[in-house]
**Student:** 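Structure in structure tokens, see below.
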Amino acid sequence: MPGIAVLAVRLGLRWAGLLSAKATELGDAVVVAVVWGAVIVNLTRQLVGARQPGDRLIAVSPALAARASSLAWIIATITGIGFVVSRTNSVIGASLAATVAANCVIALAYAAVFGLILSALGDDRAKDTDEQGSEAHDAPVRGAVVTLIALALTAAIVVTVGAVLGGFTTLAFLVANQVFWIGVLVALTYLVLRFADDALAELFRPGHRLAHFLTAVVNLGQPTVDQIGVVASAVIQVLVVLGAVSLALTPFGRNGDVVGARFAGASAIRLGSLVVSPRSMAIAVGCLLLGLGLVHIVDRWLARRFLPVTRWDAGVRNSVATGIRYLGIALVLLWALTAAGLGFGQIALIASALSVGIGFGLQQIVQNFVSGIILLIERPIKVGDLVNVGGIEGDVRNIRVRATEILQPDRTTLIVPNSDLITKPVQNKTLGDPRGRVQLALSIDAATDAARALELIAGVLHADAAVLADPAPSVYIDSLTPGGSVNFVAFAYVASPRDILRVRSALYLAAIMALINAGVRFVGAAGQVVIVEPGAGLRELTADFGERLTARAGGSVVASDPD
């Protein structure tokens with residue numbers, strides 16, 4: 001609104017014919033200065049200066065929020081006046097001495113503003129430390145950002161004051177201007193990023209008109225709509241950041257080209273057809289760091305935003321994230337090598353040299369790496385599966401480049417090389433059909449109770465809520481013993497192999513109680529049964545000591561001969 005008001009006054013004066021050509025240029029400078037000041041004041045108010053804490057986009061202490069408004073007005077006034085003064089000197093053709101003096105005063109005023117901002121940040125943190133003993137309201141990320149801002153402002157003060165004292169007033173003026181310009185760009189970029197993310201989240205949320213149109217008319221599923229919203233938000237945010245970076249570099253003009261040309265003329269080292277120079281190495285390192293940073297950002301975005309809105313299981317999400325990470329790292333390495341000046345022929349030569357090293361000492365590492373790629377593509381084993389490797393059972397927690405982590409029931413982690421999972425037998429209990437089978441083995445004393453025991457055990461299996469109805473549980477007579485006991489075997493299915501031990505224990509207890517309550521004697525319920533085969537002198541021995549032997553055995557003596 002202040003910018004519109006000043007622009008209206010300037011247009012009125014121009015239409016009335018009261019402004020000359022130079023006065024029109026000065027009027028344009030005043031309009032720009034007023035708009036600039038209004039942007040600074042309102043940005044500060046929206047980001048940190050709102051009266052209510054919930055209205056601030058950045059969490060700050062109440063003391064800093066109260067002080068931010070006055071600082072914003074000071075910054076807007078000084079920078080606006082500095083811009084108008086510099087444009088006035090340019091329009092009226094001021095002398096060199098006047099221009100230098102004006103630049104010196106403006107640069108020192110900007111440095112004083114930097115000092116005020118530093119003082120506000122320092123006083124705020126000191127006050128919080130004295131009152132609370134620690135910076136309780138400062139999150140680690142916010143503390144790092146404040147430290148970075150303080151370092152940047154300190155460096156700007158040193159450079160500005162040093163350039164003024166050294167006679168480089170134009171340099172001091174440019175550096176001070178650039179600090180304010182980048183600061184406003186960062187604040188605007190943050191505001192636009194927040195707005196874009198919130199706006200797209202609102203547009204693609206379930207129930208919104210756009211989301212309803214995509215689901216009802218275009219026939220897309222809600223997870224697909226959520227994915228479109230996340231991807232659109234990421235694309236817009238990338239474009240906004242690229243635009244902000246381009247605007248931040250604009251004021252330097254061709255100065256960066258001149259510095260780059262001088263840096264490129266530094267001494268270089270020739271290795272055959274390869275030229276290694278400080279410039280090429282710096283570019284390669286910069287491309288490598290930038291690429292790895294982008295890969296890390298994309299990986300975090302996939303893990304936090306895109307993959308959670310899909311209907312894929314944990315194994316598919318892990319395979320997609322790991323595959324994209326590997327592909328990104330490979331592309332970044334190729335980009336860094338080409339930025340260093342290596343052609344495809346030279347890259348192939350390096351690959352040949354690496355193959356020799358692989359043949360001598362890196363076979364196992366490469367084998368495990370390739371095996372890991374095969375595991376991610378074929379997915380015979382994925383994150384979350386219950387596997388048995390060499391008699392050790394556990395859940396697959398992570399599939400890395402070299403090895404796979406398996407979490408065992410005792411909460412220890414087993415590290416298995418990926419090649420072992422490819423070349424050796426591995427039992428995957430949750431691949432395909434994730435259900436588990438529970439097996440029970442029970443025995444009763446008398447064959448006359450077989451039908452009743454069969455019915456009781458089957459009832460126990462059908463009554464347990466953890467037992468699946470399809471496939472239905474079943475009970476069979478497994479075998480008969482010489483002493484007349486009947487051995488039963490029962491099978492039941494549960495939803496997961498991880499439930500087998502718990503359900504089996506519960507079924508055993510329920511079956512035992514059912515047999516006891518029904519009066520069915522099962523083996524072990526009345527003591528130990530000793531079976532003695534007949535032989536020479538057996539009848540006389542059993543006739544004399546049968547009772548004592550029975551009492552000592554705690555059960556009964558059974559002989560094949562009725563006598």
**Student:** Would you check if V6 and V30 make a side-chain contact, meaning some heavy-atom pair closer than 4.5 Å?
**Tutor:**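 The answer is yes; the side chains approach within 4.5 Å.
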
**Student:** List the atom of G3, the atom of V34, and the distance in Å for their closest heavy-atom pair.
**Tutor:**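 Shortest heavy-atom separation between G3 and V34 comes out as N-CG1, 4.0 Å.
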
**Student:** Which is it for W36 and W181 under the side-chain contact (heavy atoms from CB on, under 4.5 Å) test, yes or no, and what are the steps along the way?
**Tutor:** CA-CA 10 Å; W36 169 265; W181 172 243; 3.8 Å; yes

**Student:** Is there side-chain contact between V84 and V32, with heavy atoms separated by less than 4.5 Å?
**Tutor:**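 No. Closest side-chain heavy atoms not under 4.5 Å.
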
**Student:** Could you tell me which non-hydrogen atom of V164 sits nearest to which non-hydrogen atom of C104, and how far apart they are?
**Tutor:**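 For V164 and C104, the tightest heavy-atom pair comes out as CG1-SG, 3.4 Å.
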
**Student:** Are D385 and K382 close enough for a salt bridge, meaning some N to O gap below 4.0 Å?
**Tutor:**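 Judged by the 4.0 Å cut-off on N to carboxylate O distance, D385 and K382 do form a salt bridge.
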
**Student:** How long is the span from the OG1 atom in T322 to the CG atom in N398, to the nearest 0.5 Å?
**Tutor:**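 The CG atom of N398 is 7.0 Å from OG1 of T322, to the nearest 0.5 Å.
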
**Student:** Could you please spell out the steps behind the side-chain contact (heavy atoms from CB on, under 4.5 Å) verdict for I117 and V113?
**Tutor:** CA-CA 6 Å; I117 299 175; V113 173; 4.3 Å; yes

**Student:** Taking all non-hydrogen atoms of both residues into account, name the closest pair between V31 and R10 and its distance.
**Tutor:**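 Minimum heavy-atom contact is CG2-CD, 4.0 Å.
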
**Student:** Rounded to the nearest 0.5 Å, what's the gap from CD1 on I399 to CD on E405? Could you check?
**Tutor:**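 Between I399 CD1 and E405 CD, I get 10.5 Å after rounding to 0.5 Å.
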
**Student:** To the nearest 0.5 angstrom, please state how far the CG atom of D198 sits from the OG atom of S233.
**Tutor:**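 The distance works out to 9.0 Å.
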
**Student:** Only distances under 3.5 Å count here; give the side-chain donor-acceptor pairs of residues 238-245 to other protein atoms, sequence neighbours excluded, each with its distance to 0.1 Å.
**Tutor:**
none

**Student:** Taking all non-hydrogen atoms of both residues into account, name the closest pair between C287 and A336 and its distance.
**Tutor:**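 It is CB-CA, 4.3 Å.
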
**Student:** Testing V231, L193, L200 one by one against I236 for a side chain to side chain contact (heavy atoms under 4.5 Å, CB included), which residue passes?
**Tutor:**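 Exactly one option meets the side chain to side chain contact (heavy atoms under 4.5 Å, CB included) with I236, and it is L200.
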
**Student:** Return yes if some donor-acceptor pair links the side-chain N/O of T77 with the main-chain N/O of I74 below 3.5 Å, else return no.
**Tutor:**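 Looks like no, no N/O pair under 3.5 Å.
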
**Student:** Verify the ring-centre separation between W301 and F306: is it less than 6.0 angstrom?
**Tutor:**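 That pair passes the under 6.0 Å test.
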
**Student:** Rounded to the nearest 0.5 Å, what separation is found between the CG atom of L210 and the CD1 atom of I228?
**Tutor:**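 Here the interatomic distance stands at 9.0 Å.
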
**Student:** Would you say I40 and R45 make side-chain contact, with heavy atoms under 4.5 Å?
**Tutor:**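 With C-beta onward as the side chain, the pair stays apart.
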
**Student:** Work out which heavy atom in A187 is nearest to a heavy atom in L43; give both atom names and the distance.
**Tutor:**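 What the structure gives for the nearest pair is CB-CD1, 4.0 Å.
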
**Student:** Any sub-3.5 Å donor-acceptor pair from T310's side-chain atoms to L307's backbone N or O?
**Tutor:**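 Judged by distance alone, yes, a pair lies under 3.5 Å.
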
**Student:** Suppose we screen for ring-ring contact (aromatic ring centres under 6.0 Å, His included). Which residues come up paired with F180, at least two apart in sequence or across chains?
**Tutor:**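 If we apply the ring-ring contact (aromatic ring centres under 6.0 Å, His included) test to F180, skipping adjacent residues, the hits are Y110, F114.
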
**Student:** Please table the atom pairs, donor to acceptor, closer than 3.5 Å between any side-chain atom in residues 323-335 and protein atoms at least two apart or in another chain.
**Tutor:**
residue : atom : partner : partner atom : Å
R325    : NH2  : D299    : OD1          : 3.4
Y326    : OH   : V401    : N            : 3.2

**Student:** Tell me if the CZ atom of R300 is crowded by more than 12 foreign heavy atoms within 6.0 Å.
**Tutor:**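 Incorrect, the count does not exceed 12.
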
**Student:** Might you point out which heavy atoms bring A38 and P2 nearest each other, and give the distance in Å?
**Tutor:**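 Minimum heavy-atom contact is CB-CG, 4.3 Å.
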
**Student:** Rounded to the nearest 0.5 Å, how far does CG of N418 lie from CD1 of I374?
**Tutor:**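 Atom-to-atom, I374:CD1 and N418:CG are 9.5 Å apart.
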
**Student:** Taking it one step at a time, do D197 and R305 satisfy salt bridge (Lys or Arg N to Asp or Glu O under 4.0 Å)?
**Tutor:** CA-CA 12 Å; D197 189 58; R305 298 296 305 276; 3.4 Å; yes

**Student:** Quick one: does I406's side chain get under 4.5 Å of D395's, heavy atoms only?
**Tutor:**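 Sidechains of D395 and I406: no contact.
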
**Student:** Rounded to the nearest 0.5 Å, what separates atom CD in Q237 from atom OG1 in T189?
**Tutor:**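 These two atoms lie 11.5 Å from each other.
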
